[in-house]
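Just below is one structure, and these are the notes that go with it.
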Amino acid sequence: MFKNVIVRIPSKTVVEGITSADEGKPIYEKALVQHENYVMALTKAGVEVTVLEPKEEFPDSCFVEDVALCTKHCAIITRPGAESRRLEAELPDMKEALSKFYDNIEQIKEPGTIEAGDIMMVGDHFYIGLSDRTNEEGAKQMITILEKYGLTGETVELSEMLHLKTGVNYIENNNMLAAGEFLTKEDFQKYNLIEVPEEEAYGANCIWVNDYVIVPEGYPTVQAEIEKLGYKVLVVDTSEYRKIDGGLSCLSLRF
């Protein structure tokens with residue numbers, strides 16, 4: 001069960017966020033409302049939400065998931081692969097927020113790069129995607145730290161997706177949402193794979209929070225499959241974040 005969540009309010013500069021999408025720039029006012037609704041959904045799922053102030057100098061800083069991995073034993077500050085985001089991991093308010101909850105805070109060091117959007121937790125095991133943002137050295141350092149605390153990790157090669165959790169997400173009880181290249185990955189065949197159709201691939205990025213599954217708005221097949229499994233579903237519109245390659249999991253640290 002999750003007790004705490006950390007989020008950061010999007011800054012006005014969110015409209016300049018890194019993107020590979022061709023859907024135009026986010027509308028700041030809409031992004032702000034969507035973020036507020038996201039926090040409300042998390043609160044409904046029974047967690048305490050720590051809200052950090054926006055950082056205008058970092059357009060992507062609302063995507064707090066990428067700058068730290070929160071486990072049951074430690075927090076690990078990452079070293080983002082996107083150079084423009086590297087200093088986000090050093091922001092004092094994030095470190096201060098984490099230190100309120102963790103006595104053990106570790107850090108990934110150069111030349112390792114890793115973004116926690118590439119890390120999927122399944123119990124005490126962590127799958128780490130090797131992507132344009134996460135390199136072998138970053139993954140190696142992360143696994144070494146995890147093992148120090150009695151946890152385990154393994155790497156997964158990516159060829160199509162930006163981040164691992166762009167296309168595969170564990171929603172507990174042996175159930176895993178998968179789209180595209182992840183449907184055939186040997187690593188994931190032992191789970192109950194819920195196939196996300198290509199036209200709803202963005203909808204694979206759902207998050208489990210205390211028996212609720214938060215689902216992005218506009219992906220009816222994904223929502224129906226999750227409801228069939230018996231989960232309580234909360235639907236949140238993240239369309240403005242999709243424009244800058246962001247989804248539900250990117251917007252929070254859950255622990």
Side-chain angles (χ1 to χ4, degrees), residues 2-19 26 28-110 112-119 121 133-134 138 141-142 145-146 149 163 165 207 209 214 236 238 240-241 244-255:
F2 292 123
K3 293 181 180 178
N4 295 288
V5 167
I6 297 173
V7 301
R8 187 183 295 283
I9 298 168
S11 64
K12 290 178 181 175
T13 56
V14 72
V15 299
E16 304 301 333
I18 303 167
T19 186
Y28 170 67
E29 292 76 14
K30 283 187 179 180
L32 208 53
V33 171
Q34 289 179 6
H35 195 268
E36 288 167 359
N37 291 337
Y38 178 75
V39 171
M40 284 170 59
L42 288 165
T43 303
K44 187 171 182 178
V47 294
E48 291 288 327
V49 183
T50 298
V51 181
L52 302 181
E53 291 300 308
K55 293 292 181 185
E56 299 297 333
E57 63 271 40
F58 298 110
D60 294 287
S61 56
C62 58
F63 298 135
V64 291
E65 177 180 61
D66 287 324
V67 300
L69 179 68
C70 294
T71 78
K72 63 175 75 170
H73 302 303
C74 66
I76 304 157
I77 305 288
T78 67
R79 185 170 179 269
E83 203 162 336
S84 63
R85 301 195 62 193
R86 211 155 277 170
L87 290 177
E88 285 179 40
E90 304 294 332
L91 286 170
D93 63 344
M94 175 58 79
K95 289 188 172 181
E96 184 182 333
L98 289 171
S99 67
K100 287 179 182 174
F101 300 103
Y102 288 99
D103 293 326
N104 301 313
I105 299 179
E106 306 277 353
Q107 190 146 9
I108 301 298
K109 297 179 171 57
E110 188 177 358
T113 64
I114 192 163
E115 297 183 4
D118 275 321
I119 306 176
M121 179 179 73
R133 303 287 183 86
T134 295
Q141 288 184 36
M142 182 63 72
I145 294 167
L146 291 170
Y149 292 94
H163 282 137
K165 284 189 292 199
I207 52 174
V209 184
I214 304 179
V236 176
T238 53
E240 296 307 306
Y241 298 97
I244 47 171
D245 296 340
L248 283 166
S249 71
C250 313
L251 289 164
S252 62
L253 290 168
R254 305 165 297 282
F255 52 96

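Quick note: residue numbers are just sequence positions, from 1. Quick caveat: nothing in here was measured; it's all calculated off a predicted structure.
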With sequence neighbours excluded, residues passing side chain to side chain contact (heavy atoms under 4.5 Å, CB included) with Q141: I108, K109, E137
Taken to the nearest 0.5 Å, the spacing of Y102 OH from C74 SG works out to 7.5 Å
Where is the tightest heavy-atom contact between S11 and P54, given as atom of each residue plus distance? CA-CB, 3.8 Å
Run the salt-bridge test on K95 and E90 with the 4.0 Å N-O cut-off and return the result as yes or no. yes
Please evaluate residues L91 and F58 with respect to the criterion side-chain contact (heavy atoms from CB on, under 4.5 Å), reporting the C-alpha separation (whole Å), side-chain torsions for both, the decisive distance (0.1 Å), and the verdict. CA-CA 10 Å; L91 286 170; F58 298 110; 3.7 Å; yes
Stepwise side-chain contact (heavy atoms from CB on, under 4.5 Å) test for T50 and N4: CA-CA 8 Å; T50 298; N4 295 288; 5.7 Å; no
Roughly how far, to the nearest 0.5 Å, is CD1 of I244 from CZ of F63? 4.0 Å
State whether a side-chain donor-acceptor pair under 3.5 Å links Y28 with E240. no
How far apart are the closest heavy atoms of G81 and T113, and which atoms are they? CA-CB, 3.8 Å
How close do A97 and I6 get, heavy atom to heavy atom, and via which atoms? CB-CD1, 4.0 Å
Non-hydrogen side-chain atoms of L146 and L69 separated by less than 4.5 Å: yes
For side-chain contact (heavy atoms from CB on, under 4.5 Å), just list the numbers for C70 and F101, CA-CA rounded to whole Å, side-chain angles, deciding distance to a tenth of an Å, and then say yes or no. CA-CA 10 Å; C70 294; F101 300 103; over 6 Å; no
Looking at E36, I'd like to know if its CD atom is crowded, meaning that more than 12 non-hydrogen atoms belonging to other residues, nucleotides or ligands lie closer than 6.0 Å. yes
Calculate, to the nearest 0.5 Å, the distance between atoms CD and NE2 belonging to E115 and H163 respectively. 4.0 Å
Pairwise side-chain contact, I207 with R254, heavy-atom cut-off 4.5 Å (strictly under): yes
Does a side chain donor of either S249 or E65 reach within less than 3.5 Å of an acceptor in the other side chain? yes
With the threshold set at 4.0 Å, does a side-chain nitrogen-carboxylate oxygen contact exist between D66 and R133? no
Minimum heavy-atom distance between V15 and P26, given as atom pair plus value: CG1-O, 3.0 Å
Any non-hydrogen side-chain atom of I119 less than 4.5 Å from a side-chain atom of T134? no
Give me the one residue out of E106, K72, H73 that meets side chain to side chain donor-acceptor pair (under 3.5 Å) with Y149. E106
Kindly indicate, with the supporting measurements, whether the criterion side-chain contact (heavy atoms from CB on, under 4.5 Å) is fulfilled by E48 and K3. CA-CA 6 Å; E48 291 288 327; K3 293 181 180 178; over 6 Å; no
Indicate the atoms forming the closest heavy-atom contact of P10 with A31, along with that distance. CG-O, 4.3 Å
Say you draw a straight line from CZ of R85 to OG of S61; how long is it, rounded to the nearest 0.5 Å? 8.0 Å
Check whether any side-chain heavy atom of V7 sits under 4.5 Å from a side-chain heavy atom of L251, and report yes or no. no
Would you indicate whether the side-chain heavy atoms of M94 and V67 approach each other to under 4.5 Å? yes
To the nearest 0.5 angstrom, please state how far the CG atom of L98 sits from the CG atom of D93. 10.0 Å
How long is the gap from CD on E88 to CD on E57, to the nearest 0.5 Å? 9.5 Å
Closest approach of V236 and N37, non-hydrogen atoms and distance? CG2-O, 4.3 Å
Whether the side chain of R8 engages the backbone of V64 through a donor-acceptor N/O pair (distance < 3.5 Å, no angle test) should be reported. no
